[in-house]
Amino acid sequence: MIRLARLALSLLGAVAMGTASAAAGDIGGQTPSLVVGTGIDRVAVTSRFTGRELLVFGALSHPGSVVVVLRSPPSALAITQKVQTGPIWLTGQKVTVEKLPGVYEIAASAPLDRLLPAGTRQQLGLDLQDLIAKAQFEPEPQDRPRWERAVLTAKERSGSFVLRDHAVKITDGRLFSARLDLPASLPLGHYTLKTYLIRDGRVLAQSDESIDVEQVGLEQWVADVAERKPWLFGIGLTLLLAILGLGLGILMQRRSGS
């Protein structure tokens with residue numbers, strides 16, 4: 001509640017400054033800025049997590065276009081090639097892709113190629129193909145462009161890589177909002193949320209926020225025990241499997257006896 005109250009005050013301040021600047025009729029008298037909020041700074045993930053919607057909203061000190069970028073920590077991805085031998089499809093070469101964000105979502109108020117030149121988009125990491133081109137493939141495939149296209153297709157199908165034009169709504173040239181869909185297969189870790197205010201092919205202002213995606217509940221407790229006390233985790237797992245095996249044996253014996 002305190003976080004939302006502070007954000008509301010910041011939004012009112014930004015709108016007031018923007019109105020004063022509009023009355024002056026020139027952006028040169030004030031440094032462009034934007035205020036961004038999400039209402040949350042933490043996403044809790046459990047075994048029943050099926051994804052969620054993240055609302056990003058804020059205010060602009062000057063009119064312009066808005067681009068919102070959500071990036072997760074790197075997450076390894078395994079890609080396998082299928083080879084057809086006669087009527088049968090077999091598993092062929094396997095490549096592991098590293099140094100690539102597990103989730104990367106871009107929401108813009110207009111098509112990116114109309115907002116920024118190609119060089120600026122690559123510099124800001126707004127080109128998904130360039131992002132994959134900078135990833136590490138192990139082992140390095142001979143036909144890398146084909147593998148890069150396969151990775152991009154897999155990421156887009158799973159909802160992990162998203163680029164949506166006209167997904168940021170701007171009201172009265174001052175307030176904006178965007179909705180990002182977090183997929184169910186959400187990597188854990190520290191996420192960065194960057195928002196850009198753009199006009200005439202230039203970035204006028206930038207905001208940097210962060211969101212922590214954490215595992216909670218029984219899953220987190222088990223993971224902590226396995227990491228901090230692996231010997232205790234091993235003993236507990238062995239005992240649990242022994243009890244389950246004993247119980248299953250007794251159940252099968254009773255059924256066979258009846």
Side-chain angles (χ1 to χ4, degrees), residues 43-56 67-108 110-113 115-116 118-168 178-196 210-215 219 223:
V43 175
V45 177
T46 65
S47 58
R48 292 175 292 180
F49 183 79
T50 58
R52 66 165 297 172
E53 185 180 73
L54 175 65
L55 174 63
V56 182
V67 176
V68 179
V69 183
L70 178 68
R71 178 171 185 157
S72 79
S75 178
L77 174 68
I79 297 292
T80 303
Q81 181 185 24
K82 295 296 183 179
V83 179
Q84 185 176 11
T85 303
I88 302 176
W89 287 89
L90 302 177
T91 301
Q93 183 180 3
K94 181 179 180 180
V95 173
T96 301
V97 186
E98 298 180 343
K99 297 184 178 180
L100 186 68
V103 170
Y104 201 83
E105 297 193 35
I106 302 176
L112 286 178
D113 56 356
L115 298 181
L116 294 170
T120 305
R121 295 199 304 270
Q122 291 183 358
Q123 181 181 0
L124 297 177
L126 301 180
D127 190 321
L128 296 181
Q129 293 183 347
D130 182 69
L131 192 70
I132 295 178
K134 295 178 180 178
Q136 177 180 330
F137 286 67
E138 183 63 37
E140 184 71 22
Q142 295 182 352
D143 188 8
R144 173 156 176 158
R146 184 168 62 88
W147 285 88
E148 291 179 356
R149 291 192 297 270
V151 171
L152 180 59
T153 300
K155 284 289 190 178
E156 289 177 338
R157 286 179 178 175
S158 65
S160 299
F161 275 20
V162 179
L163 171 58
R164 293 189 297 162
D165 300 327
H166 305 291
V168 179
R179 297 181 182 275
L180 304 178
D181 294 322
L182 302 181
S185 56
L186 200 62
L188 304 178
H190 188 74
Y191 285 56
T192 59
L193 180 69
K194 295 182 179 292
T195 307
Y196 302 96
S210 62
I211 299 175
D212 290 320
V213 177
E214 302 175 350
Q215 194 173 44
E219 298 86 353

Asker: Does a side-chain heavy-atom distance below 4.5 Å link Glu105 with Leu182?
Answerer: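 Result yes, sub-4.5 Å side-chain heavy-atom pair found.
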Asker: Decide yes or no for Leu115 and Tyr196: does some side-chain heavy atom of the first lie under 4.5 Å from some side-chain heavy atom of the second?
Answerer: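 They are not in side-chain contact.
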Asker: Answer yes or no: is there a side-chain heavy-atom contact under 4.5 Å between Val162 and Leu70?
Answerer: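 Result no, sub-4.5 Å side-chain heavy-atom pair not found.
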Asker: Is the shortest heavy-atom distance from the side chain of Leu163 to the side chain of Leu112 under 4.5 Å?
Answerer: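 The answer is yes; the side chains approach within 4.5 Å.
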Asker: List the atom of Arg144, the atom of Ala133, and the distance in Å for their closest heavy-atom pair.
Answerer: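 Residues Arg144 and Ala133, closest heavy atoms: NH2-O, 2.9 Å.
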Asker: Show the nearest heavy-atom pair for residues Gly125 and Ile106, with the distance to one decimal.
Answerer: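 Looks like O-CD1, 4.5 Å.
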Asker: How long is the gap from CG on Leu126 to CG on Asp113, to the nearest 0.5 Å?
Answerer: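 Reported value, rounded in 0.5 Å steps: 12.0 Å.
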Asker: Quick one: closest heavy-atom pair of Ala178 and Ala107, and the distance?
Answerer: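 Ala178 and Ala107 have their closest heavy atoms at CB-CB, 4.4 Å.
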Asker: Quick check against the 3.5 Å criterion: does Arg121 have a side-chain atom that pairs as donor or acceptor with the backbone of Leu116?
Answerer: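 Between the backbone of Leu116 and the side chain of Arg121 there is a qualifying donor-acceptor contact (under 3.5 Å).
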Asker: Got Tyr191 and Leu186 here, is their nearest side-chain heavy-atom distance under 4.5 Å?
Answerer: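 Yes; the side chains approach each other to less than 4.5 Å.
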Asker: I'd like to check Leu180 versus Leu193 (side-chain heavy atoms, cut-off strictly below 4.5 Å). Are they in contact?
Answerer: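 Yes, their side chains come closer than 4.5 Å.
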Asker: Check the pair Leu131, Arg71 against side-chain contact (heavy atoms from CB on, under 4.5 Å), reporting the backbone distance first and the verdict last.
Answerer: CA-CA 11 Å; Leu131 192 70; Arg71 178 171 185 157; 3.9 Å; yes
Asker: Heavy-atom distance under 4.5 Å between the side chains of Ser72 and Val213, does that happen here?
Answerer: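 Not in contact.
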Asker: Got more than 12 heavy atoms from elsewhere within 6.0 Å of CZ, Arg179?
Answerer: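 For Arg179, atom CZ is not crowded (no more than 12 foreign heavy atoms under 6.0 Å).
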Asker: So, taking the atom named CD in Gln129 and the one named CD in Glu148, what distance separates them when rounded to the nearest 0.5 Å?
Answerer: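 Between Gln129 CD and Glu148 CD, I get 8.5 Å after rounding to 0.5 Å.
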Asker: Who are the side chain to side chain contact (heavy atoms under 4.5 Å, CB included) partners of Pro139, not counting sequence neighbours?
Answerer: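 Once residues adjacent in sequence are excluded, the partners of Pro139 under the side chain to side chain contact (heavy atoms under 4.5 Å, CB included) criterion are Gln93.
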Asker: Write down the atom of Leu124, the atom of Tyr104, and the distance for their closest heavy-atom approach.
Answerer: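 Minimum heavy-atom contact is O-OH, 4.3 Å.
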Asker: Determine whether Pro187 and Val103 make a side-chain contact, defined as any pair of heavy atoms from C-beta on separated by less than 4.5 Å.
Answerer: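 Yes - at least one pair of side-chain heavy atoms lies under 4.5 Å apart.
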Asker: Please report the shortest heavy-atom distance between Ala110 and Asp165, naming the atom on each side.
Answerer: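 Smallest interatomic distance, heavy atoms only, reads O-OD1, 3.8 Å.
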Asker: What residues form a side chain to side chain contact (heavy atoms under 4.5 Å, CB included) with Gln142, not counting sequence neighbours?
Answerer: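 By the side chain to side chain contact (heavy atoms under 4.5 Å, CB included) rule, Gln142 matches no residue at all.
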Asker: Which heavy atom of Ile132 sits nearest a heavy atom of Phe137, and at what distance?
Answerer: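 Closest approach of Ile132 to Phe137: O-CE1, 4.0 Å.
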Asker: What's the spacing between Arg164 CZ and Asp181 CG if we round to 0.5 Å?
Answerer: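 The CG atom of Asp181 is 5.5 Å from CZ of Arg164, to the nearest 0.5 Å.
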Asker: Is the side chain of Lys155 donor-acceptor paired with the backbone N or O of Gly102 at a distance under 3.5 Å, no angle test?
Answerer: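 A pair under 3.5 Å: yes.
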